[in-house]
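Notes follow the structure.
Note: hydrogens, waters and symmetry copies are ignored here, and every other heavy atom, side chains too, is used.
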Amino acid sequence: MMNSLQDWPEPIVRVQSLSESGLPMIPDRYVKPLSDRPSSNRPENGDANIPIIDLTGLTDDETELSRSTMDRISSACRDWGFFQVVNHGVSPGLMDQARETWRSFFHLPMEIKQAYANSPKTYEGYGSRLGIEKGAILDWSDYYYLHYLPLTLKDYNKWPRSPDYCREVIDEYGKELVKLGGRIMKVLSINLGLNESHLQNAFGGENIGACVRVNFYPKCPQPDLTLGLSSHSDPGGLTILLPDPEVPGLQVRKDDRWITVKPARHAFIVNIGDQIQVLSNANYKSVEHRVIVNSGVERLSLAFFYNPKSDIPIKPVRELVSADKPALYPPMTFDEYRLFIRLNGPKGKSQVESLKSPRCH
């Protein structure tokens with residue numbers, strides 16, 4: 001099956017090049033069906049926002065959060081699938097440096113970026129589409145995807161060489177985000193009534209997978225007709241997103257409405273991925289989200305994916321399975337699940353739902 005992922009089905013067009021060409025209308029390949037356009041289901045925002053949670057007291061060694069903070073995280077995982085964290089232990093300076101280093105990369109000349117062009121076999125490198133379906137409607141974004149863990153997949157040659165210090169910044173940022181991911185996993189375990197290391201051990205202990213996708217959303221002349229990223233739930237474990245502080249764009253589906261997230265200063269946006277939905281036997285939900293674009297300004301975000309070791313079968317934790325709530329999902333490794341997603345492209349929540357055991361539909 002991997003042979004079918006050797007190359008893209010059509011020539012790759014960089015969205016940034018389309019944007020910078022000054023075209024007045026987007027090509028048909030980017031026009032979404034009416035039902036998926038942001039204009040056809042306007043967000044009913046008001047003051048709604050995902051919960052913002054202060055993690056003061058959560059360190060690598062201690063989980064000293066108040067009961068009320070633990071409860072807020074628990075209800076965010078059950079009701080929203082998303083929350084923002086502040087006072088999370090990652091230096092604001094490093095967050096800004098990581099974001100601006102990547103912004104500099106996307107503004108390099110095209111021939112430099114093209115040296116890192118990716119293929120669907122690993123997705124690693126500079127990309128402009130997800131999924132390999134020929135003739136698919138595409139998203140208005142370019143991205144850069146790279147592996148951070150396991151070390152056997154970490155290949156500095158696939159990481160940008162410029163701007164200067166780019167690789168050092170990525171390395172330092174990855175190290176801090178792995179630590180933060182581990183701290184959050186402890187909280188999720190405790191809140192599920194499990195030993196604090198239970199979810200981490202189910203992911204492979206120290207041998208987790210981690211990767212980064214930097215999303216670049218260029219200005220778009222017709223933002224109401226397209227999306228920067230189609231509706232999907234994240235296939236992995238936990239996602240820690242560094243959003244653009246100035247430009248909102250992430251929308252989360254809540255009660256059949258799209259809520260545009262308002263990023264807090266130097267906060268990370270954390271969301272539950274499909275693998276934690278499976279492990280928690282759907283006590284915690286991976287929630288659909290998408291990205292809108294705009295005509296006035298570009299947007300850049302960094303998604304850090306904290307994932308299970310790729311060859312461990314992931315299935316509902318035994319303690320969370322009962323006669324009243326049988327196991328909803330069959331065992332599947334993350335490698336198998338990721339291939340399933342790559343062949344199909346982003347498709348809302350249908351991917352993880354389609355895996356449910358027949359008796360649970």
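Using a 3.5 Å distance cut-off with no hydrogens or angles, the side chains of S233 and E288 do not pair a donor with an acceptor. Residues D54 and H88 have side chains that never bring a donor and an acceptor to within less than 3.5 angstrom of each other. One side chain, T69 or S66, offers a donor N or O that lies under 3.5 Å from an acceptor on the other. T333 and D311 form no side-chain donor-acceptor contact under 3.5 Å, judged by distance and modelled atom types alone.
Y329 does not carry K315 over the face of its six-membered ring by the limits of under 6.0 Å from the centre and within 45° of the normal. A cation-pi arrangement is not found for R338 relative to Y123, the charged atom failing to lie both closer than 6.0 Å to the ring centre and inside a 45° cone about the ring normal.
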Next on the checklist: Does R29 form a salt bridge (charged side-chain N to carboxylate O under 4.0 Å, His left out) with D139? I'd like the steps, not just the answer.
Outcome noted: CA-CA 9 Å; R29 292 297 305 278; D139 291 335; over 6 Å; no
Item to check | D96 vs R103, salt bridge (charged side-chain N to carboxylate O under 4.0 Å, His left out): CA-CA, chis, key distance, verdict | outcome: CA-CA 10 Å; D96 292 342; R103 196 185 298 279; over 6 Å; no
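Residues R299 and E246 are not paired through a salt bridge, judged by the lack of any N-O separation under 4.0 Å between the basic side chain and the carboxylate. The existence of a salt bridge linking E20 and R14 is excluded, since no basic side-chain nitrogen approaches an acidic carboxylate oxygen closer than 4.0 Å. Salt bridge status for K186 with D60: absent, with no side-chain N to carboxylate O gap under 4.0 Å.
A distance-only check finds a donor-acceptor pair linking the side chain of T122 to the backbone of E124 [under 3.5 Å]. Not one N or O on the side chain of D142 forms a donor-acceptor pair closer than 3.5 Å with the backbone of F216. For the pair S74 (side chain) and M70 (backbone), a donor-acceptor distance under 3.5 Å is absent. Using a distance-only test at 3.5 Å, with no hydrogens or angles considered, a donor-acceptor pair links the side chain of N201 to the main chain of S197. Looking at K309, its side chain never comes within 3.5 Å of a backbone N or O of F334 through a donor-acceptor pair. Listed for the N281 side chain is a donor-acceptor partner under 3.5 Å among the backbone atoms of L328. Of the possible donor and acceptor atoms, none in the side chain of W140 sits under 3.5 Å from a partner among the backbone N and O of Q222. Between the side chain of Q275 and the backbone N or O of P235, at least one donor-acceptor pair lies under 3.5 Å.
Aromatic ring pairs are classed by plane angle as parallel below 30°, tilted from 30° to 60° and perpendicular above 60°; the pair H232 and H289 is tilted.
The heavy-atom pair separating L302 from R99 by the smallest distance is CD1-CA, 4.1 Å. Minimum interatomic distance between P218 and S141 (heavy atoms only, all atoms of both residues): CD-CA, 4.2 Å. For the residue pair K32 and S230, the shortest heavy atom distance occurs at NZ-OG, 3.1 Å. Across all non-hydrogen atoms, the minimal contact from G181 to L238 is O-CD2, 4.0 Å. A pairwise comparison of heavy atoms in N157 and Y116 identifies O-CE2, 3.9 Å as the closest pair. Scanning both residues, R37 and L225, for their nearest heavy atoms gives NH1-CD2, 3.6 Å.
Crowding of R67 atom CZ: a count of heavy atoms from other residues, nucleotides or ligands under 6.0 Å exceeding 12. No more than 12 heavy atoms of other residues, nucleotides or ligands shown are found within 6.0 angstrom of CD on E206.
Under the ring-ring contact (aromatic ring centres under 6.0 Å, His included) criterion, W80 pairs with no residue, sequence neighbours left out. Under the side chain to side chain contact (heavy atoms under 4.5 Å, CB included) criterion, S91 pairs with L94, sequence neighbours left out.
For the atom pair E172 CD and L177 CG, the distance stands at 10.5 Å (nearest 0.5 Å).
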